[in-house]
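Worth knowing before you read on, the calculation uses all heavy atoms, side chains too, and leaves out hydrogens, waters and symmetry mates. Note that this is a predicted model, so its numbers are computed, not measured.
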Amino acid sequence: MPITRVLQNNKEWAQKMKQEKPDYFSNLAHQQAPEYLWIGCSDSRVPANQILGLAPGEVFVQRNIGNLATHKDLNCMTCLEYAVTVLKVKHVIICGHYNCGAVRGALTMSGKTPGLTNLWISDIKETRNKHAEALGKLEGDAQMNRLTELNAIRQVFNVCSSPVVQSAWDQGQTLSVHGLAYGVGDGLLKELTQPITGYSSLAKAAEASDFPSDSEAVWEDRDLQKNITDSFKANMFFEQRQAKAQTNGKH
């Protein structure tokens, strides 16, 4: 579709909105008071507003490949800070989605593959490695779906352990963090974690999710050497598994 068609679509849409609601754009231009921050994947099949049934101005959106929310991602952390401290959102939603290309890449892409994508999904690979035993018992869509959920849960704990969220809780700000997974095939959201509203519910969510989080603010007694060793072994397991699959595919 050429850009001229896209621009024409925009004109037709704007005219339609003005006819239905004459003050729609004037109202939208003078206010932004969303109650939700959505941290989701860049996948074109996962539009936040439509999925949540919310209009423009009702949800603040941060999207990236694999719906990651690592503390080193200044883009995501800046968005989170603005949403929590300035917009005063009441809910932060971290939403993964099934049939995610980033998750598939974490399960199939060799560590030797060059390019930024492989570097970007290293956080998902780390989650994969931590759950290698359980994931190794699954195959195909079941394996990918489970890693999708584990990745979203990991990002929930990243958000909860971020300075901006913990500061908001310390100040008594009403703020809930939610982990969801979206089904591209049926359009439905699955709740992965109960709403996390503070430190006590964060601890309960960690126990319920069976997810060994890295959050130094909550868990400080991890055996670093064992973690590195286990991660290395798990990485080798998936590398060898993929190499074997590629070899079998050639015959």
Side-chain angles (χ1 to χ4, degrees), residues 1-70 73-105 115-117 120-121 148 151-152 155-156 158-159 162 164-165 168 173-192 195:
M1 179 183 294
I3 189 65
T4 52
R5 182 55 188 166
V6 174
L7 294 175
Q8 182 60 36
N9 288 346
N10 168 254
K11 291 181 180 179
E12 293 174 1
W13 170 77
Q15 291 173 356
K16 178 181 177 182
M17 294 303 298
K18 289 178 180 178
Q19 291 173 357
E20 295 177 354
K21 299 179 180 179
D23 58 351
Y24 178 80
F25 290 109
S26 59
N27 289 340
L28 200 60
H30 293 93
Q31 66 178 11
Q32 179 181 212
E35 292 191 9
Y36 301 89
L37 166 62
W38 169 283
I39 300 176
C41 185
S42 299
D43 193 297
S44 61
R45 302 166 296 174
V46 191
N49 287 75
Q50 288 91 328
I51 290 173
L52 297 176
L54 298 176
E58 295 183 328
V59 55
F60 200 58
V61 177
Q62 157 68 217
R63 298 173 69 177
N64 60 64
I65 295 175
N67 47 273
L68 301 183
T70 65
D73 181 359
L74 297 184
N75 187 310
C76 185
M77 289 297 106
T78 301
C79 180
L80 177 64
E81 181 180 75
Y82 185 81
V84 172
T85 63
V86 179
L87 298 178
K88 302 295 183 183
V89 297
K90 293 182 172 63
H91 304 271
V92 178
I93 296 172
I94 298 88
C95 187
H97 70 94
Y98 301 115
N99 194 22
C100 177
V103 173
R104 183 184 298 107
L116 293 178
T117 300
W120 179 259
I121 64 174
T148 291
N151 175 51
Q155 307 315 317
V156 167
N158 283 345
V159 168
S162 67
V164 61
V165 169
Q173 184 173 335
T174 300
L175 183 65
S176 299
V177 183
H178 312 263
L180 306 176
Y182 174 68
V184 177
D186 60 16
L188 299 177
L189 291 168
K190 176 181 178 180
E191 191 173 27
L192 302 177

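Checked by atom type and distance alone, the side chain of Asn151 pairs as donor or acceptor with a backbone atom of Gly66 at under 3.5 Å. Of the possible polar contacts, none joining the Glu58 side chain to the Asn49 backbone as a donor-acceptor pair under 3.5 Å is found. Side-chain atoms of Arg63 do not come within 3.5 Å of backbone N or O of Trp38 as any donor-acceptor pair.
Residues Asn64 and Cys41 fail the side-chain proximity criterion, which asks for heavy atoms closer than 4.5 Å. Using a 4.5 Å heavy-atom cutoff, the side chains of Pro195 and Val177 are not in contact. In this structure the side chain of Asn99 reaches within 4.5 angstrom of the side chain of Arg104, judged on heavy atoms.
With 3.5 Å as the limit, one finds a donor-acceptor pair spanning the side chains of Gln8 and Glu12. Side-chain contact, Asn67 with Gln62: no donor N or O sits under 3.5 Å from an acceptor N or O.
Atom CG in Leu180 sits 12.0 Å away from atom CG in Leu188 (nearest 0.5 Å).
For CG of Leu7, the number of neighbouring non-hydrogen atoms (other residues, nucleotides, ligands) closer than 6.0 Å is greater than 12.
With sequence neighbours excluded, no residue forms a ring pair (Phe, Tyr, Trp, His ring centres under 6.0 Å) with Tyr98.
Under the 30°/60° scheme for interplanar angles, the aromatic rings of His91 and Tyr36 are found to lie parallel.
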